[in-house]
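Single-structure report; data block below.
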Amino acid sequence: GNMEEALKHLKKSVELDPKYTNARVMLAELYSAMKEEGKAAEQYGAAIELDPKNVKNYLMLGILHARLKEYEKATAVLNKLLVTSPDSVMANYYLGKIEVERSNYAKAADYYRQAEFYLDPEDPRRLATFTKMEQSSHGFLRHLQPPGEVFEIPYLDGKTLYAYFVRASFAVERQPC
């Protein structure tokens with residue numbers, strides 16, 4: 001439909017009843033579709049104040065802040081969501097993305113692990129999320145001093161197991177087993 005017409009009606013709805021949460025959420029979604037993320041974030045913030053138990057609004061606000069590269073704000077909002085909904089796949093996933101942007105790979109791997117853990121075994125996003133966790137773990141290993149290593153161990157039926165080796169960061173003489 002016509003976004004400008006919808007915008008006019010939603011603004012009027014909020015003007016007539018500033019406590020009408022659904023109108024604020026729809027307005028936020030419309031602003032987001034119009035690439036006016038700052039205005040969308042304002043409306044999601046207002047909706048959260050009106051209905052602090054609605055986890056979807058926290059998620060959407062956190063994602064908007066992440067898209068705007070406002071990582072501190074995004075992290076605060078998404079972590080607040082995780083207090084009441086620790087099984088939020090999307091909150092954990094986006095926190096993982098944020099930590100990758102910050103080059104905090106160990107934390108990113110943990111958030112991706114949490115996201116993958118709460119996905120249904122048949123969910124098509126599961127493998128991609130697991131892959132992000134592995135990539136973050138490898139990023140962490142690369143940044144260690146000395147760098148960690150990934151080894152492939154042959155397993156049953158031609159499959160491979162992966163193992164990580166992390167050397168001591170100080171000189172060590174050969175130790176007995």
Side-chain angles (χ1 to χ4, degrees), residues 1-140:
N2 184 339
M3 287 188 175
E4 292 302 322
E5 189 70 21
L7 181 62
K8 183 176 91 174
H9 289 292
L10 287 169
K11 282 181 165 181
K12 186 68 171 173
S13 293
V14 169
E15 181 185 313
L16 292 171
D17 184 1
K19 293 183 180 185
Y20 185 26
T21 308
N22 289 344
R24 290 199 178 270
V25 170
M26 288 187 285
L27 188 55
E29 290 169 353
L30 182 59
Y31 278 135
S32 187
M34 296 171 75
K35 306 289 187 228
E36 294 188 41
E37 282 89 358
K39 290 180 179 179
E42 283 177 31
Q43 293 304 317
Y44 278 124
I48 287 169
E49 283 185 31
L50 294 168
D51 184 7
K53 293 183 181 182
N54 187 322
V55 296
K56 182 183 176 204
N57 294 336
Y58 285 95
L59 179 62
M60 298 311 296
L61 180 59
I63 290 171
L64 277 173
H65 285 309
R67 285 186 186 151
L68 294 169
K69 300 195 183 305
E70 296 172 344
Y71 298 134
E72 294 299 320
K73 289 180 181 178
T75 300
V77 171
L78 293 171
N79 277 316
K80 197 169 187 179
L81 184 158
L82 289 178
V83 169
T84 58
S85 298
D87 59 343
S88 173
V89 169
M90 293 303 292
N92 280 298
Y93 184 85
Y94 270 90
L95 284 163
K97 286 181 73 160
I98 290 166
E99 295 305 334
V100 166
E101 288 296 317
R102 293 174 165 170
S103 298
N104 191 346
Y105 299 107
K107 217 171 185 181
D110 188 49
Y111 281 123
Y112 286 133
R113 182 187 62 77
Q114 289 290 333
E116 190 267 341
F117 177 80
Y118 290 113
L119 284 169
D120 184 85
E122 302 304 316
D123 193 307
R125 300 172 296 170
R126 191 161 192 180
L127 182 58
T129 304
F130 182 82
T131 301
K132 293 249 186 218
M133 179 190 66
E134 286 292 298
Q135 291 169 341
S136 297
S137 297
H138 296 178
F140 171 71

Just jot down the side-chain contact (heavy atoms from CB on, under 4.5 Å) partners of T84, sequence neighbours excluded, or say none.
V55

What pair of heavy atoms forms the shortest contact from L50 to P18, and how long is it?
CD1-O, 3.6 Å

Exercise: identify the closest heavy-atom pair between A91 and L81
CB-CD2, 3.9 Å

Give the C-alpha distance, both sets of side-chain angles, the deciding distance and a yes or no for side-chain contact (heavy atoms from CB on, under 4.5 Å) between T21 and N54.
CA-CA 10 Å; T21 308; N54 187 322; 5.8 Å; no

From Q43 CD over to L27 CG, what is the distance, rounded to the nearest 0.5 angstrom?
4.0 Å

Can a salt bridge be assigned to the pair D110 and K107 using a cut-off of 4.0 Å between side-chain N and carboxylate O?
no

S32: side-chain contact (heavy atoms from CB on, under 4.5 Å) partners, not counting sequence neighbours
A40, L64, R67

Taking ring pair (Phe, Tyr, Trp, His ring centres under 6.0 Å) as the cut-off, I'd like each qualifying pair that reaches into residues 8-59, sequence neighbours left out, listed once.
none

Can you pull out every ring pair (Phe, Tyr, Trp, His ring centres under 6.0 Å) where at least one residue sits in residues 67-114? Sequence neighbours excluded, please.
Y93-Y112, Y105-H143

Any side-chain to backbone donor/acceptor pair from N92 onto S88? Under 3.5 Å, distance only.
yes

Heavy-atom closest pair (V25 atom, A47 atom, distance to 0.1 Å) is CG2-CB, 3.8 Å

Would a 4.5 Å heavy-atom cut-off, applied to side chains only, mark S13 and R24 as touching?
no

Residue pair T75 / R102, side-chain heavy-atom distance below 4.5 Å:
yes

Once you round to the nearest 0.5 Å, how far does CD of E37 lie from CD1 of I63?
12.0 Å

E15: side-chain contact (heavy atoms from CB on, under 4.5 Å) partners, not counting sequence neighbours:
K12

Measure the CD-CG distance between E49 and N57 for me, rounded to the nearest 0.5 Å.
12.0 Å

Kindly indicate, with the supporting measurements, whether the criterion side-chain contact (heavy atoms from CB on, under 4.5 Å) is fulfilled by M34 and L7.
CA-CA 10 Å; M34 296 171 75; L7 181 62; 4.0 Å; yes

How far does CG of L119 sit from CD of Q114, to the nearest 0.5 angstrom?
11.5 Å

To the nearest 0.5 Å, what is the distance between CG (N104) and CG (L95)?
11.5 Å

Could you pull out the closest heavy-atom pair between L68 and G38, with the gap in Å?
CD1-N, 4.4 Å

Taking the basic N atoms (NZ, or NE/NH1/NH2) and the acidic carboxylate oxygens, is any pair closer than 4.0 Å for K56 and E29?
yes

With the side chain counted from C-beta on, respond yes when T129 and V89 share a heavy-atom pair under 4.5 Å apart, and no when they do not.
no

From CG (L61) to CG (L78), nearest 0.5 Å
8.0 Å

Go through the structure and list residues passing side-chain contact (heavy atoms from CB on, under 4.5 Å) with A109, not counting sequence neighbours.
M133, S136, S137

Looking at K8 and E5, is there a salt bridge between them, counting it only when a charged N and a carboxylate O are closer than 4.0 Å?
yes

Which heavy-atom pair separates A41 from H65 by the least distance, and what is that distance?
CB-CE1, 4.3 Å

Heavy atoms of A74 and I98 approach each other most closely as CB-CD1, 3.6 Å

If you apply the rule salt bridge (charged side-chain N to carboxylate O under 4.0 Å, His left out), what do you find for E42 with K39, and how did you get there?
CA-CA 5 Å; E42 283 177 31; K39 290 180 179 179; over 6 Å; no

Should we say atom OH of Y118 is surrounded by more than 12 heavy atoms from elsewhere, each under 6.0 Å from it?
yes

